[in-house]
Structure formats: C-alpha cells, structure tokens
Number of protein chains: 2
Amino acid sequence: MSTPEKFTGYACTDHAKWSDLTKLSYPPKKFDDYDVDIKINCCGVCGSDVHTVVNDWGKKSNLPLVVGHEIVGTVTAVGPKVTLAKVGDIVGVGAQARSCLKCKNCLEGEETYCSEDLIHTFGSVYPESGETSQGGYANYVRIHEFFTFPISQKLFEKGYKPEDIASFFCGGLTTYAPLIDNGCGPGKKVGIIGIGGLGHFAIQIAKALGAEVYVFSRTDSKKEDALKLGADHYFATSEENWNKPIEFELDMILSTANSGKGFDLNAYLRCLKINGKFISVGLPAEAFSVSPRTFFSNKCSFSASHLGNRKQMLELLKLVEEKNIKAWIEPVEISAAGCKEVLERLHNNDVKYRFVLTGYEKEFANDN
Amino acid sequence: MSTPEKFTGYACTDHAKWSDLTKLSYPPKKFDDYDVDIKINCCGVCGSDVHTVVNDWGKKSNLPLVVGHEIVGTVTAVGPKVTLAKVGDIVGVGAQARSCLKCKNCLEGEETYCSEDLIHTFGSVYPESGETSQGGYANYVRIHEFFTFPISQKLFEKGYKPEDIASFFCGGLTTYAPLIDNGCGPGKKVGIIGIGGLGHFAIQIAKALGAEVYVFSRTDSKKEDALKLGADHYFATSEENWNKPIEFELDMILSTANSGKGFDLNAYLRCLKINGKFISVGLPAEAFSVSPRTFFSNKCSFSASHLGNRKQMLELLKLVEEKNIKAWIEPVEISAAGCKEVLERLHNNDVKYRFVLTGYEKEFANDN
C-alpha cells in the first residue's frame, strides 16, 4: 500500500457556485515525521462543509478547497516518528488535523483549543509552508497521527460499516464532549435542542450516558424520531407556554440549533436549574442578543463547545460499541452530482439525519 | 422602642423628575409574623436606585416609591414568630425583603432566586395585599427576618461606623457571591472589570480571598486606586492589544460594567482559560451581542449573578472584619437636596465609590 504523489478530490473553486464542486488533483501538504496518509473509504457531510463553501461565516478560505472532515479510511503511509497508527489500520479522522501538543491548552488535554498551531482538517494554512489543508471529499488525506483514531474491529463485527461510523468523528464528538464536560450522567436532566445531524447524536448519547432526556423541536413533526432515539420528554416549542412545566428543572441544555433567527434563548434559560448550563454546539451565523439580566433568574450560564479531544473521541467509540449508538445516515455516492446533492439538500435541512459520501473506491479507481 | 404607624421617606413620584424626591408619609406593609421593623440609621445608594427612578430597565414601578436597599438600623419590633432578630439589635438589610423559603431554589439555599415569592426591598408588590415594598430612603423599613443580618459588635469596636457597613449589604454581597460561587481563592487568577461602586468591593474581596487580581478599566485614571484596593495587575483597555499578554490566563472575570456600549466582550473572553467563566454583575440596559462562535476559542461561559444568599452575607461580614475590607464612601445627609445630589452624581458616575445617606436621626426627628 502506498500514497500517490497527488491527491484527487472534489473542490470548491468559487463561492458563488458553491454546490458545483470540481474534480481536480493537488499536491498534498509536505509529508512530516508525524503525518499519516489515509486512503479514504467514505466521508460524512457536516454543516461546516456547507458554511465553508457558501462562505457565510465571514472567514475567508483559500480556493480551490476540498471540504469534508468525517473520514474513515485505511492508513497507507506513516511518518518516521508515528507511533499511534500503522499501515493497514482502519482509522477515523474528524475536524482537526494538527495541534502543537505543547501549549498550555494542549498539555491540559484540550488540544481542540490549541492556541499555537490549530490546523483544521480543511481550510487551514500550515504556517511553515503556506499550504492549505484539504479534506475528505478526496481519495486521500494527510493528517497528524494524534488526530487519527483507531476503529476497533469489534465495531465491524457488530455489523457497523465504515459509513455508519464516519459521522461520529465530528457530529458525534461535537455532542459527546460538552455532555461529558458538563456532567451528563445518571440523575441528570438534560435538554437537547434540535433533532438533526447533531441533535440525533446528542439524544442517543445523553441517553446512553444515563441522563433523563428532554428534547425540543419547533413542531411535533420529529416527535416519533425523538422517542425512537431515546427522548424521555418531547416539547414542541411553537406551542404557547411550552416551557412552563419545566421551569428551573434542567441541569443542562445542549443546543444544536443552527440558526439564531427566532430563537428564544430566554425561554430555554428559564428551564435551567440554578447554575444550570446552556451550551451551544450549533453554529448560527447570527449572534444571540444576551442581556445579563436574562441570567438573573437562575445564575445559569451560556457557553459553546466545538469538537472534543482525543481522549473523548476514543471514549465515544467505546460507548458507541457498548450502547449500539447509530448514526442515522443517507449514503450518497461521491461524484460532482453527488456532492451537489448533499450540499444543496443539507443547506435546505433536507436529510434525516446525516449524509455520508461513499463509493470512493470506484470513483477514484484511476486516481490512485 | 416602637414603630410608628406611618413611615416617612423620600419618594419618587414622577420618573420625568427622577431626581426630585418628595418627602411623604405612607403606611408600611401589614405586619406579619416573621416581620422585623427597623429604625434606619443610614442607607447606601446603589445603581439600582438610579435605574429605578430613571426607569430605564423597562420595569414599571408603582409610584410613589421609596428606593434604597443598603440599610443599617436598629430593630424596633419583631413579629411573634421571629427568632433571627430581637428589639435593639443592630442589623443590616440588602436588596431582598422576602422569599417563600419553601420552593426548590430556597431549599437549596438559593433564596435570592426564589421562584415563588421574591420580594425586593423596594418596588415589589406583596401578592397577598397589593402593597408595594418601600426602601431605605426613609425612617423605617419592614423586612422578613431572614433578610435582616446581625452586625457584630466587633465591627464597631474596630472603628467601623454604620455608614461604613451599609454598602456591603448590596454592593459587597453582589460581588462576594459570584466570586465564592465560582471558586475564587488562592491560586486563582481573577479579573475584575470596572472600578466603581461594585468593582472597588470586588477587588478587595478577591484579594482577601487569596486570588491574584487583574483589574481592567478604560484608562489609567483609576490605576492608583486599583493598586491601593489590592490589584496585582492593571490594564487600561483603551490601549491597543491590551489583552495580548494575558490570553488564556484567567480563571474568572467578574464584570461590574454598567454599560454595554462599546464593551468588547470578545476581548475579555479571550483572556479566559479553557472553561473560564465570565460573570456579569453590572446591569447594563443594553444587551450584549453574543455569537456562539465567540466562545469557541476556549469553551468559556457567560453568566450573571445578582445579590447573594444569607449564608454568603454572614460570611462576608466575617471576612470584612477579619481582612479589614473598607467601603470607600462619601456620606451625604438625607434631605430632598441630598437625595437629588446622590442620584444625579451617581447617574453621572461621579462618586468614589459609593454614597451613603446619613443624618437620619436629625432629618426624621419629628416623624417617629
């Protein structure tokens, strides 16, 4: 097994035509001592992919850019100092490609918040070379070993396929980390806002961790799904006074809402116990308007979280295996048309609940 | 010692003429089993007094209204079930006059956040009678015993006068409670924003609790005061890149800023460690604009806190005694002119750092 000199993928070349990705070849970043090359088997489609190609976060990206950061694949080469992966391993990759592993945050096990050298799987610039990191809508990816995660053979033995696992590396971890960080477990009442690519993981994970799970969605349309996923209570927030029965009840609310428009933060904060926590993992382009006085009824706090650390990712894979947590996915074969479909449909919230691009072997048969 | 049938105080009768208080007599609330009557010796002037008479919080008050909730006085009568105070005691009163003491929040010792029967010292309506609570710019006040706090004779022996103690019952407690709630103590790096009626307490209290204290103010004009109060580090936030040296450094920031205008929340959040806490005790009329992505660099949290509980108030009085914490006050004799002066000057931030209305004995000599 070896790595080709050039990688081939579907790239955004123009934000004005954000769903029209172009197949092209590009040199990977320089191969470093701790780098791992991975031949990609499949890649989940994350909301960040859409925000990046649409360019609505106001964060300039170098184009062309290959997005995608929920990767499962096989290791084809490792740098001379790599100890965490070996050729032939089946591994996952999430939204992070490198950190310094030396700064205060990294040393505290918070490498997701590295202050010195945080490289995202796609769209970051490697400071030493000016190269842009390229993601998983491609045949190969090159990643620092610390951000590759071994997938246990047991998961495959339980019937999981690579495309069933890919979405956990960003979507799953993004919800697992703040739940764990904030004490989700038996005896805790945990609210989850939104049932979608993130929310459907959050419900299952909160339940698997032993919490009593309260799910919030605008209407009753996803109630059946929420209950299947493990919700103990369901609230349609378009109903008047929906929060009255649970004022001061919840220990924590995890919001996966992806839009700030019409979002009544105050109504949710009112559901929290004294010192309760509201954590956003959604990425609305709009800011919330927050008055300190909003928090005066219960000293609750507002926070946000992104991704999670290596330790948490490895724990999550064990939890998935033990509790049989399932990504609800729709597989779509990778191609220009396939990429267009998943980006446009995800932009329209038209997926239950996560796309995974598959068929890499066939699509890139002549590019390896 | 006894209580007169009517109380006499300086009342706001018209928000349009908010600094022109009118001396008038009014019947106190009905005397209940747990009520304590207090002959007032002096009363601190809090920002809430100004917000209430100016009426910029959008919270309608019944007028006429006597404000003031940093009271020291002598108990003149107690209800038949009172056990926490007796006639002749010298006690303090803060911003709260009653809570149910039975709801979940009260039973957890969080009576400041009572969800059933929270009565503020002024401006609340007693649900059983429709009476409005009246505050401390008056000769007497009637308060539930739980919200009266005994003042140790030792404090007076150390040279404290009533007017040196009054401001602790709201201003002091408001900063003490969130510092304690969030782990302020030895080994912790604690930021305080603003040096004023609240900030000058926060600096002293954080220092008395053993923290390393970082103080933030727009310019250098209050640097000398900050250092006298116990600041270990001082930052003028009008200087460019003021926060660079302390990115990811602080465990907690307590903001006493009273205005949201031009407030760069993001620059402060950037100073917090991973999982650091930003707590606002200031009461800006404007909301902050908060993007979840603002919090993504360090998982920090935003929260607010108001006042504190009985346990904390009693602890604070001990700390004041042990560590010799001083309110920096400007005493002004109570009268129509005196009330006008303190309200207008506080509205213009023209005080270092807290007014206390004094001379009650003389002013109300014929009203008892």
Side-chain angles (χ1 to χ4, degrees), chain A residues 51 57-59 103-106 108-116 118 177-178 181-182 247-249 255 257-258 260 265-266 269-270 273-309, chain B residues 51 57-59 103-106 108-116 118 177-178 181-182 247-249 255 257-258 260 265-266 269-270 273-309:
Chain A
H51 283 294
W57 278 343
K59 200 175 112 185
C103 73
K104 189 164 57 175
N105 296 350
C106 282
E108 285 174 2
E110 299 281 10
E111 67 274 4
T112 324
Y113 300 89
C114 174
S115 60
E116 299 300 326
L118 180 55
D181 276 350
N182 291 286
E247 283 187 354
F248 297 113
E249 276 293 322
S255 173
N258 208 8
L265 180 60
N266 199 31
L269 297 181
R270 188 82 189 165
K273 281 185 186 164
I274 303 287
N275 296 318
K277 293 155 192 278
F278 183 99
I279 307 117
S280 176
V281 291
L283 295 160
E286 310 85 9
F288 296 134
S289 178
V290 177
S291 164
R293 290 199 291 142
T294 309
F295 296 82
F296 275 6
S297 60
N298 54 6
K299 288 193 283 187
C300 64
S301 65
F302 177 95
S303 179
S305 170
H306 79 268
L307 212 57
N309 58 36
Chain B
H51 282 293
W57 278 344
K59 199 175 113 184
C103 72
K104 189 165 56 176
N105 296 350
C106 282
E108 286 173 2
E110 298 282 9
E111 67 274 6
T112 323
Y113 300 88
C114 174
S115 60
E116 299 299 326
L118 180 56
D181 277 348
N182 292 285
E247 283 188 353
F248 297 113
E249 275 293 322
S255 172
N258 208 8
L265 180 58
N266 198 33
L269 297 181
R270 187 85 190 161
K273 281 184 189 166
I274 302 288
N275 296 317
K277 293 155 191 280
F278 182 100
I279 307 117
S280 175
V281 291
L283 294 160
E286 311 87 9
F288 296 135
S289 178
V290 177
S291 164
R293 290 199 291 143
T294 309
F295 296 82
F296 275 6
S297 61
N298 53 6
K299 289 193 283 188
C300 65
S301 66
F302 177 95
S303 179
S305 169
H306 78 270
L307 212 59
N309 59 35

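Residue numbers begin at 1 in each chain, while the letters A, B, ... track the order of the sequences. FYI, side chains are in, hydrogens and waters are out, and symmetry mates aren't considered; it's all heavy atoms of this structure.
Contact of the B:Ser305 side chain with the B:Val281 side chain is registered, since non-hydrogen atoms from C-beta on lie closer than 4.5 Å.
At least one donor-acceptor pair under 3.5 Å links the side chain of A:Ser303 to the backbone N or O of B:Cys300. Put simply, the side chain of A:Ser301 never gets that close to the backbone of A:Lys277: no donor and acceptor are under 3.5 Å apart.
Contacts with chain A were tallied for B:Phe248, B:Tyr113, B:Phe295; B:Tyr113 has the most, counting heavy-atom pairs under 4.5 Å. Counting heavy-atom pairs closer than 4.5 Å to chain B, the top-ranked of the candidates A:Ile274, A:Leu307, A:Asp181 is A:Ile274. For the options B:Ile279, B:Asn298, B:Leu265, heavy-atom pairs under 4.5 Å to chain A are most numerous at B:Asn298.
Residue B:Ser297 touches chain A through its backbone alone, counting heavy-atom pairs closer than 4.5 Å. For B:Lys104, the part lying near chain A is the side chain, with the backbone staying farther off; criterion is any non-hydrogen pair under 4.5 Å.
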Step-by-step side-chain contact (heavy atoms from CB on, under 4.5 Å) determination, A:Glu110 to B:Asn275:
CA-CA 10 Å; A:Glu110 299 281 10; B:Asn275 296 317; 3.9 Å; yes

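Shortest non-hydrogen contact noted between A:Leu118 and A:Glu111 is CD1-O, 4.2 Å.
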